Amino acid sequence: MEIILPKTDFCAKELFANEVVRKYFISDVIGIPVKDIRSVRLCNPYLWKRYWKQKQGIVDVLIELNNRAKVNIELQIKFYSCWDKRNLFYLAKMYTEDLRVGQDYTKLKKSISISILDFNYTEDPVYHSVYYLRDKKEQDIFGSVRGTYHRIKENTGWRQFCG
């Protein structure tokens, strides 16, 4: 029997179809205690576009967390030089797609992107990075958008990743 590595979109999507996997993955990566996660509902991965000429955003896995936040989980195997721009594009679409005409901005949900990369996007040897929008001088966090990048260690077996 051949093992399918979770490096493929198909395998990753099948893993995240399991609510228990979603719950514990989100807990481990974002740092939310499992007991505080009430729901991890799968959402439509096709991000909203208003005009036919607008670029469509299609994410790998989109989760609504506790009905208060959206979490995008992206698996990227091949190096993509504009990964930061693509990730911000997805975050911006996720953040704004539910707000309707006349609604207050308080209705916007926190948006989080988790990127599992099989390449080193930065020169930093660290395997887990968290990015926020911050004030340059005071380092205060601005808004509720967050990006998390995880680089897969080249010599780490995928069986360890799957548990």
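Keep in mind that this is a model prediction, so the values were computed, not measured.
- When the side chains of ILVMFWY residues are joined at heavy-atom separations under 4.5 Å, either directly or via intervening members, Ile26 and Leu42 end up in a single hydrophobic cluster.
- The backbone N or O of Phe10 lies less than 3.5 Å from no partner atom in the side chain of Glu14, so there is not a single donor-acceptor pair.
- Annotation: the span from Lys70 atom NZ to Leu62 atom CG amounts to 6.0 Å, rounded to 0.5 Å.
- Atoms CG and CE, from Leu108 and Met94 in turn, are 12.0 Å apart once rounded to the nearest 0.5 Å.
- A chain of hydrophobic side-chain contacts below 4.5 Å, direct or via other Ile, Leu, Val, Met, Phe, Trp or Tyr residues, connects Ile116 to Ile30.
- Counting all heavy atoms, side chain and backbone alike, Lys49 lies closest to Gln56 at CD-OE1, 3.6 Å.
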### Task
Kindly determine whether Asp118 and Lys78 satisfy salt bridge (charged side-chain N to carboxylate O under 4.0 Å, His left out), including the steps that lead there.
CA-CA 7 Å; Asp118 197 18; Lys78 293 182 181 178; over 6 Å; no
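- Here the SG atom belonging to Cys82 is positioned 12.5 Å from the CG atom belonging to Asn87, to the nearest 0.5 angstrom.
- In the hydrophobic clustering of ILVMFWY residues, with side-chain heavy atoms under 4.5 Å counting as a link, Ile58 and Phe16 come out apart.
- Taking the side chain as every heavy atom from C-beta outward, Lys107 and Asp98 never approach each other to under 4.5 Å.
- A 4.5 Å side-chain heavy-atom check between Arg41 and Glu19 finds every atom pair outside the cut-off.
- Counting only heavy atoms from C-beta outward, the side chains of Ile37 and Ser27 approach each other to under 4.5 Å.
- Using a 4.5 Å heavy-atom cutoff, the side chains of Asn67 and Glu64 are in contact.
- Between Tyr80 and Leu117, every side-chain heavy-atom pair lies at or beyond the 4.5 Å cut-off.
- If you take CG on Asp60 and OG on Ser115, they are separated by 9.5 Å, rounding to the nearest 0.5 Å.
- Counting only heavy atoms from C-beta outward, the side chains of Trp83 and Glu74 approach each other to under 4.5 Å.
- The side-chain heavy atoms of Ile112 and Asn72, taken from C-beta on, include no pair separated by under 4.5 Å.
- There is no path of hydrophobic side-chain contacts, each under 4.5 Å, that joins Tyr24 to Leu15.
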### Task
For side-chain contact (heavy atoms from CB on, under 4.5 Å), just list the numbers for Thr96 and Trp48, CA-CA rounded to whole Å, side-chain angles, deciding distance to a tenth of an Å, and then say yes or no.
CA-CA 9 Å; Thr96 61; Trp48 182 74; 5.9 Å; no
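- Going from atom CZ of Phe89 over to atom OG of Ser113 covers 13.0 Å, rounded to the nearest 0.5 Å.
- The shortest non-hydrogen separation linking Leu47 to Glu97 is CA-OE1, 3.6 Å.
- Placement of Val40 and Val20 in two distinct hydrophobic clusters is found when ILVMFWY residues are connected by side-chain heavy-atom separations under 4.5 Å, directly or transitively.
- Shown here is Tyr46, whose OH atom has no more than 12 heavy atoms of other residues, nucleotides or ligands within 6.0 Å.
- Between Asn66 atom CG and Lys109 atom NZ the span is 11.0 Å, to the nearest 0.5 Å.
- Between the Lys85 side chain and the Leu88 main chain, no donor and acceptor come within less than 3.5 Å of each other.
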